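Below you'll find the structure, written out as structure tokens, and then a few comments.
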Amino acid sequence: MNLFRILGDLSHLVSIFILLQKMRSTRSCAGISLRTQILYLMVYCTRYLDIFWTFNASLYNSSMKLVFILSTAYTIYLMRTVYKTALDPQIDTFATYYLVGGAGLLAVLFPYKYTVYEVLWSFSIWLESVAILPQLFMLQRTGEAETITTHYLFALGAYRALYIPNWLYRWFLEGHFDPIATVAGIIQTLLYSDFFYIYYTKVLKGKKFELP
Amino acid sequence: VEEKKGHDEL
């Protein structure tokens with residue numbers, strides 16, 4: 001455990017609370033992609049399957065896993081019930097089947113081992129790297145976002161970005177290297193680069209998030 | 001050679 005990883009995980013946790021707070025304060029899920037949320041639920045359910053048998057890993061890991069699964073399921077539940085009037089299937093249209101199919105293909109081609117758990121783990125890593133695309137696509141179509149939504153996206157993107165120095169740290173200091181997670185994590189962070197740039201140049205300077 | 005431990009990150 002190192003500082004980068006802790007900060008990354010906290011950023012991940014904070015992002016979920018910002019999203020719930022956004023829905024509560026605006027009484028709406030406008031601007032949030034249901035498709036991205038469903039992809040994240042798939043990511044957590046396939047990666048964190050091991051909560052049922054690895055009680056010994058750490059209480060920290062197990063509790064975080066449970067929180068991620070339950071809070072994302074709760075977010076989806078809220079979006080499909082309480083806040084469903086703000087859902088806009090006309091805007092949230094990214095072809096998610098390609099993302100699931102691509103992640104599935106990579107998982108079957110390059111798992112660390114051919115076991116159900118390892119293939120699903122690899123699938124979850126690749127799927128996570130692109131799960132934000134429906135959300136970013138939606139943002140591009142609307143051309144603007146509420147400030148609280150941009151904070152959510154920043155915290156979510158910062159989580160994987162902070163894992164990169166964590167992986168470097170572990171590689172140099174612990175001799176631990178996980179090529180699948182590292183390559184996918186770098187791709188994931190690159191997908192956020194435009195967003196990070198606009199967040200930095202506009203939102204952090206008090207302006208509204210608008211695409212040029 | 002030490003066997004690779006399971007996935008220990010989130």
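Letters A, B, ... mirror the listed sequences (proteins, then strands); counts begin at 1. Remember, predicted model here, so these are calculated numbers, not experimental data.
- No hydrogens or angles considered: nothing links the side chains of A:Arg160 and A:Ser129 as a donor-acceptor pair under 3.5 Å.
- Looking at A:Tyr60, the atoms closer than 4.5 Å to chain B (heavy atoms on both sides) all sit in the side chain, from C-beta outward.
- The choice from A:Met64, A:Met1, A:Arg5 that makes the most heavy-atom pairs within less than 4.5 Å of chain B is A:Arg5.
- Here the side chains of A:Leu7 and A:Tyr159 are not in contact, with every heavy-atom distance at 4.5 Å or above.
- Heavy atoms of other residues, nucleotides or ligands lying less than 6.0 angstrom from CZ of A:Phe4 number 12 at most.
- Between chain B and the options A:His12, A:Glu128, A:Arg170, heavy-atom pairs under 4.5 Å are most frequent for A:Arg170.
- Put simply, CG on A:Asp92 and CE on A:Met138 are 5.0 Å apart, with the number rounded to the nearest 0.5 Å.
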